[in-house]
Amino acid sequence: MKAVQFIEGRAVPLERSDVDTDQIIPSDWLKRVERTGFGRGLFSEWRDDPEFVLNNQSYVGATILVAGPRFGTGSSREHAVWALMDFGFEAIIAPSFGDIFRNNASKQGLVIVQLDQVDVEELTQLIKESPSRLVIVDVEHLRVEVPETGWQRTFTLDAMTRERLLNGWDDIGLTMRREASITTYEQTSHAPSLAGVFDANGHVR
Amino acid sequence: MARTLYEKLWDEHVVASPDGEPTLLYIDLHLVHEVTSPQAFDGLRLNGRSVRRPDRTLATADHNVPTDPISTPVLDPISKRQLEALEENCQEFGITVFPRGHENQGIVHVIGPELGVTQPGMTIVCGDSHTSTHGAFGSLAFGIGTSEVEHVLATQTLPQQRAKTMAVTVNGRPPTGVSAKDIVLAIVAKLGTGGGAGYVIEYRGEAIEQLSMEGRMTVCNMSIEAGARAGLVAVDETTIEYLRGRAGVPSGNEFEELADRWRGYVSDPDAEFDAELVLDASQVVPYLTWGTNPAQVVALSGVVPSPDDFDDLDQREAVSRSLAYMDLTPGTPMREIPVDVVFLGSCTNSRIEDLRAGAHVARGHHVAANVRALVVPGSHRVKRQAEEEGLDQVFLDAGFEWREPGCSMCLGMNPDQLKAGQRSASTSNRNFEGRQGRGGRTHLVSPAVAVATALLGRFASPDEVNA
Ligand code: SF4
């Protein structure tokens, strides 16, 4: 995964709460076996509507999405994160997030910025007033800024998530530093093995 | 120190807890299906990694298998590709797989328990948010994303943050005609879609204890709809008797010894939870959802709510939007709303007990004109058992379609979909916009209400069928 220290770009105000993962990427997009190309399916049911904010030319090329509370609730589909990233988003700012979504996002390098609802509303106003305003998400200093207006807020990330974002660390590699502990654990584990249950064709022995 | 069941399960699976990092938790069973796994296997190949414990990994086709007779080909090219990829990947990495039509194939959350590979005390993950279903067995089971699928394949572990604990205590006994589905809809309505976020819920109290394993699975299944990642029910004799004799468990003395160990998977009597919700089962009635999230619940005897019923401005707007999408007018009695499609299936309600409950209502009656009604058993095993009991004939005689197992119309990834504007009564777990097909309108119900609704062509309870 790519390291992210600093995001500077335009931000899109979504102004919707409870955006669930079915809305982020509808299920017909889940059938792909590749990891790329999901951006075309992002919010696809809404994008048919010419009034939908992502169809507004002034926000083309935005890298930050500003949304309402409980963004990314619903299914565990990571495709939601792939779709947002493939579309070009590098950070999502909202008052709260679905747990699994937040987890998936930080593992892929999509920055999750949780701000108080009033702050999200203020930011939304700022970018609605002037869609070309640059917004900065500074992962290093855990800060969101709109330099043009001097608006600035801090946010939190757990230390690990921040380190990983800053360094672009892959999960599996991190875990395999503990290989010896896994092997030791397995020697005392009660967990059954399926090898004795099914034959090579998956029939019960 | 007294510990909750969650804390016991957690403690038992800690591989390492390095300072300043999430705990590394061991995963005892990894269930895999065709939709969330291809990119994970792709990732392994890309990095030259192998599957650490193929013997603790089990795969099945479920999300997008057509439910037409097995002899009909998979027409959707992408579904076909995913299904083939699952088989090839499992072959390559040495994982047991049940492809479409295999005698053990079915919805991943139906086959784990019925094969007895879901067992108390385990940690279980799957790339599907309804993995919480398996928590009915006193195991810690939760959904993961595809990169976590890859992580578990490669390491058999997951870095995890400890959750908070919530007890949902359902006291007393529900009135007759109230099912596990109604109980969990009541819970989700109380908690809201975010009320369980950050928690693992343990369901307890008399109403939970008297449920069958099927009923407990229905309850745990929908934990995620309240935002909780996992749901749990303590092990008791119902758990043990359900597992006795199943393929994945030993027999004789070995089973008794195992069962003794399983009996320890309960919360200590004086263990403390971080939060508690108490419900009175005698107040639970048959419910259904009216809106576009599973917490938007109303009694079957009730009416479509109005945005004015809500204080919060945000909520009022959400209600208006839901009502518009669902094409409903406030004040309309739910019982007067006609439906186009009825779906009895999904990992929430497609087990033998659900089919029995449905068949009981359907027997001797006929599906209303203009209603399409589908019964999709959760697995081939469920289907075979139902056929042995003659339930297929009851449904067929009543004008229901009797289909092959899979997720089907729960999420409409296969050809079983709602058309735009169609209204369904569905025994599944999600009523999000477009979930069952673009523009489709979903109302979540119990199996008995689903069938009664199919027969009368409008939302109905079983007691109206014979009236
Ligand atoms: S039946 Fe529905 S909820 Fe259950 S696993 Fe399949 S798609 Fe997911």
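Just so it is clear: chains get the letters A, B, ... in the order the sequence lines come, proteins before strands, and each one is counted from 1.
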J.: What residue, out of A:Arg16, A:Arg70, A:Met160, A:His190, has the most heavy-atom pairs lying under 4.5 Å from chain B?
T.: A:His190
J.: Tell me, side chain or backbone of B:Leu29 under 4.5 Å from chain A's heavy atoms, or both, or neither?
T.: side chain
J.: Report the C-alpha separation of A:Val33 and B:Asp42 in whole Å, then their side-chain angles, then the decisive distance to 0.1 Å, and conclude whether the side chain to side chain contact (heavy atoms under 4.5 Å, CB included) test is met.
T.: CA-CA 9 Å; A:Val33 293; B:Asp42 236 19; over 6 Å; no
J.: Given that the side chain runs from C-beta out, which part of A:His203 has a heavy atom under 4.5 Å from chain B: side chain, backbone, both or neither?
T.: both
J.: Starting at CD of A:Glu186, measure out to CG of B:Asp28 and round the result to the nearest 0.5 Å.
T.: 10.0 Å
J.: I need the residue from B:Thr123, B:Thr131, B:Asn64, B:Asp76 with the largest number of non-hydrogen atom pairs under 4.5 Å to chain A.
T.: B:Asp76
J.: Any idea which of A:Thr188, A:Ile182, A:Val204 has the most non-hydrogen atom pairs under 4.5 angstrom with chain B?
T.: A:Ile182
J.: Surrounding CD of A:Glu129 (heavy atoms of other residues, nucleotides or ligands, distance under 6.0 Å), is the total greater than 12?
T.: yes
J.: Is B:Ala85 in contact with chain A via its backbone, its side chain, both, or neither, using a 4.5 Å heavy-atom distance?
T.: side chain
J.: Between chain B and each of A:Glu179, A:Gln108, A:Arg77, A:Arg205, count heavy-atom pairs under 4.5 Å; write down the option with the most.
T.: A:Glu179
J.: Using 30° and 60° as the class limits, which term best fits the ring planes of B:His13 and A:Tyr185: parallel, tilted or perpendicular?
T.: tilted
J.: Please look at B:Leu24 and chain A and tell me whether the side chain, the backbone, both or neither of the residue comes under 4.5 angstrom of a heavy atom of that chain.
T.: side chain
J.: If you take all heavy atoms of B:Gly198 and A:Asp99, which pair is closest and at what distance?
T.: N-OD2, 2.9 Å
J.: Quick check on the interface: out of A:Leu194, A:Leu174, A:Val197, who has the most heavy-atom pairs with chain B under 4.5 Å?
T.: A:Leu194
J.: How long is the gap from CE on B:Met413 to CG on A:Asp28, to the nearest 0.5 Å?
T.: 8.0 Å
J.: What's the verdict on side chain to side chain contact (heavy atoms under 4.5 Å, CB included) for B:Arg52 and A:Met176, showing C-alpha distance, side-chain angles and the deciding distance?
T.: CA-CA 11 Å; B:Arg52 183 177 180 92; A:Met176 287 321 282; 4.2 Å; yes
J.: Does any heavy atom of chain A fall under 4.5 Å from the side chain of B:Glu103, the backbone, both, or neither of them?
T.: side chain
J.: Pick one of side chain, backbone, both or neither for B:Val14, based on which atoms fall under 4.5 Å of a heavy atom in chain A.
T.: backbone
J.: Any donor and acceptor pair, going by atom type alone, linking the side chain of A:Asp171 with main-chain N or O of B:His151 inside 3.5 Å?
T.: no
J.: Quick one: CD on B:Gln39 to NE2 on A:His79, what's the gap to the nearest 0.5 Å?
T.: 4.5 Å
J.: If you count heavy-atom pairs under 4.5 Å with chain A, which of B:Leu58, B:Ile224, B:Thr193 comes out on top?
T.: B:Leu58
J.: Among A:Ser17, A:Ser96, A:Ser193, which residue has the highest count of heavy-atom pairs closer than 4.5 Å to chain B?
T.: A:Ser193
J.: Can you tell me how far apart CG (A:Asn104) and OG1 (B:Thr146) are? Round to the nearest 0.5 Å.
T.: 7.5 Å
J.: Report which part of A:Arg164 has an atom under 4.5 Å of a heavy atom belonging to chain B: side chain, backbone, both, or neither.
T.: neither
J.: So which residue, B:Arg438, B:Arg435, B:His130, B:Gln161, ends up with the most heavy-atom pairs under 4.5 Å with chain A?
T.: B:Arg438
J.: Say you draw a straight line from CZ of B:Phe432 to OG1 of A:Thr21; how long is it, rounded to the nearest 0.5 Å?
T.: 6.5 Å
J.: If you count heavy-atom pairs under 4.5 Å between each of A:Gly74, A:Pro69, A:Ala159 and chain B, which one has the most?
T.: A:Gly74
J.: Is chain A contacted by the side chain of B:Ala247, its backbone, both, or neither, given a heavy-atom distance below 4.5 Å?
T.: both
J.: If we ignore angles and hydrogens, is there a donor and acceptor under 3.5 Å between the side chains of B:Thr36 and A:Glu78?
T.: no
J.: Carefully, step by step, assess B:Glu21 and A:Arg178 under the rule salt bridge (Lys or Arg N to Asp or Glu O under 4.0 Å).
T.: CA-CA 12 Å; B:Glu21 285 179 37; A:Arg178 322 244 168 246; 3.4 Å; yes
J.: If we count only N and O atoms by modelled type, under 3.5 Å, do the side chains of A:Asn103 and B:Glu148 hold a donor and an acceptor together?
T.: yes
J.: Does any heavy atom of chain B fall under 4.5 Å from the side chain of A:Glu45, the backbone, both, or neither of them?
T.: both
J.: Flag the one option from B:Gly143, B:Ser79, B:Gly43, B:Ala228 with the top tally of heavy-atom pairs under 4.5 Å to chain A.
T.: B:Ser79
J.: Between B:Asp314 and chain A, which part of the residue has a heavy atom less than 4.5 Å away: side chain, backbone, both or neither?
T.: side chain
J.: Going through the checks in order, is the side chain to side chain contact (heavy atoms under 4.5 Å, CB included) test met by A:Phe198 and B:Val97?
T.: CA-CA 10 Å; A:Phe198 303 105; B:Val97 57; over 6 Å; no
J.: With chain A, which of B:Gln119, B:Glu150, B:Gln156 has the greatest number of heavy-atom pairs at distances under 4.5 Å?
T.: B:Glu150
J.: So which part of A:Pro26 gets closer than 4.5 Å to some heavy atom of chain B, the side chain, the backbone, both or neither?
T.: neither
J.: For the residue pair A:Ser189 / B:Arg53, report whether a side-chain donor-acceptor contact shorter than 3.5 Å exists.
T.: no
J.: Is it the case that more than 12 heavy atoms not belonging to A:Arg40 sit under 6.0 Å from its CZ atom?
T.: no
J.: Does any backbone or side-chain atom of A:Asn201 lie under 4.5 Å from a heavy atom of chain B? Answer side chain, backbone, both or neither.
T.: backbone
J.: To the nearest 0.5 Å, how far apart are OG in B:Ser129 and CZ in A:Phe101?
T.: 14.5 Å
J.: Please report the shortest heavy-atom distance between A:Thr175 and B:Pro159, naming the atom on each side.
T.: OG1-CG, 4.1 Å
J.: In terms of heavy-atom pairs under 4.5 Å, which option from B:Met122, B:Arg229, B:Glu34 contacts chain A the most?
T.: B:Arg229
J.: Can you tell which part of A:Ile100 gets under 4.5 Å to a heavy atom of chain B, answering side chain, backbone, both or neither?
T.: side chain
J.: With a 4.5 angstrom heavy-atom cut-off, which part of B:Thr157 approaches chain A: side chain, backbone, both or neither?
T.: side chain
